[in-house]
Amino acid sequence: MPKKVGVLALQGDFEAHAKALERAGAEPVLVRTAEDLKSIDGLVIPGGESTTMLKLLDFMNLKDPLREFAREKPVFGTCAGAILLAQEVRNPAQESFGVIDLTVDRNAYGRQIDSRVATIHPAPEFGERAGAGDVEAVFIRAPIIRRAGPAVKVLAEYEGDPVLVEQGRHLVATFHPELTQDSRVHKLFLSKL
Ligand code: GLN
């Protein structure tokens with residue numbers, strides 16, 4: 001039986017994540033209500049616009065159910081999702097769920113050159129768990145992780161800043177692994193379920 005993995009589908013590039021999860025061997029479930037959270041083994045919070053996502057989470061009464069879900073099951077946040085999962089958000093400051101002990105600055109690569117594709121070299125541990133070799137990382141108005149707490153393990157960096165990290169069962173990427181055909185980052189998340 002493939003694992004059922006939810007993708008928060010209020011806003012952002014949730015369709016691309018659903019396809020990436022399929023490629024990685026999971027069964028994606030689009031999540032829009034608290035009820036949808038009940039049937040899934042893990043949840044992806046996609047990229048998009050974190051302020052808008054927060055408003056929609058509030059509107060759908062999903063904030064508390066999401067907090068409770070993260071207490072028990074793995075959550076994977078990419079870009080805007082990473083911002084929502086962080087402990088502290090700056091530039092500007094914004095509410096977040098504090099699921100991973102990170103301080104992030106939003107839109108930190110600057111306005112003019114805000115999106116780029118980079119080759120990153122993950123730590124050997126990433127290779128052992130997900131498959132060896134470089135990863136192509138697509139950054140779109142990405143946040144930068146300025147602080148990672150002692151419980152956070154850095155799996156990949158770009159220009160000296162962490163871009164793929166985990167804390168226990170949770171995973172965060174500041175880039176968009178769903179926008180390439182390489183499914184190793186999603187497979188790594190599935191291995192945590
Ligand atoms: N800049 C967006 C934010 O602050 C995140 C961008 C993205 O998810 N690609 O929410």
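In what follows, every heavy atom counts, from backbone to side chain, and hydrogens, waters and symmetry copies are set aside. Remember, it's 1-based here, ligands and their atoms both numbered in the order they're listed.
Counting heavy atoms from C-beta outward, Asp101 and Pro150 have side chains that approach closer than 4.5 Å. In this structure, the side chains of Met53 and Lys55 stay at 4.5 Å or more apart for every pair of heavy atoms.
Neither the backbone nor the side chain of Met53 comes within 4.0 Å of ligand 1, counting heavy atoms alone. Contacts between Arg106 and ligand 1 below 4.0 angstrom, taking non-hydrogen atoms only, involve the side chain exclusively. Contact annotation for Thr78 and ligand 1: no heavy atom of the residue comes within less than 4.0 Å of the ligand.
Listed by number with element, the atoms of ligand 1 under 4.0 Å from a non-hydrogen atom of Glu49 are 10 (O). Counting the atoms of ligand 1 from 1 in the order shown, those under 4.0 Å from a heavy atom of Ile83 are 3 (C), 4 (O), 10 (O). Atoms of ligand 1 found under 4.0 Å from any heavy atom of Gly47 (numbered from 1 in listed order, with element): 8 (O). Counting atoms of ligand 1 from 1 in the listed order, those under 4.0 Å from a heavy atom of Arg141 are 1 (N), 2 (C), 5 (C), 6 (C). Close approach of ligand 1 to Ser50 (heavy-atom distance below 4.0 Å) involves ligand atoms 3 (C), 4 (O), 10 (O). Atom numbering of ligand 1 starts at 1 in the shown order; those under 4.0 Å from a heavy atom of His176 are 7 (C), 9 (N).
Using a cut-off of 4.0 Å between Lys/Arg side-chain N and Asp/Glu carboxylate O, Lys38 and Glu35 are scored as salt-bridged. Note on Arg129 versus Glu166: salt bridge recorded, some NZ/NE/NH1/NH2 to OD/OE distance being below 4.0 Å. Salt bridge Lys73/Asp41: absent, no basic N to carboxylate O contact under 4.0 Å. We find that Arg169 and Glu72 are not joined by a salt bridge, their nearest charged nitrogen and carboxylate oxygen being 4.0 Å or further apart.
Side chain to side chain, Thr51 and Gln94 meet the donor-acceptor criterion of an N or O pair below 3.5 Å.
With hydrogens left out, the protein atom closest to atom 1 (N) of ligand 1 is Asn107 OD1, 2.7 Å, a heavy atom. The shortest contact between atom 5 (C) of ligand 1 and any protein heavy atom is with Gly48 O, 3.4 Å. With hydrogens left out, the protein atom closest to atom 7 (C) of ligand 1 is Cys79 SG, 2.8 Å, a heavy atom.
Residue Thr51 places no N or O, backbone or side chain, under 3.5 Å from any N or O of ligand 1. Ligand 1 has an N or O atom lying under 3.5 Å from an N or O atom of Ile140, backbone or side chain.
The only option from Val75, Ile45, Val99 that meets the side-chain contact (heavy atoms from CB on, under 4.5 Å) definition with Leu66 turns out to be Ile45. Of the residues listed (Asn91, Thr103, Asp105), the one engaging Arg146 in a side chain to side chain donor-acceptor pair (under 3.5 Å) is Asp105, and it is the only one.
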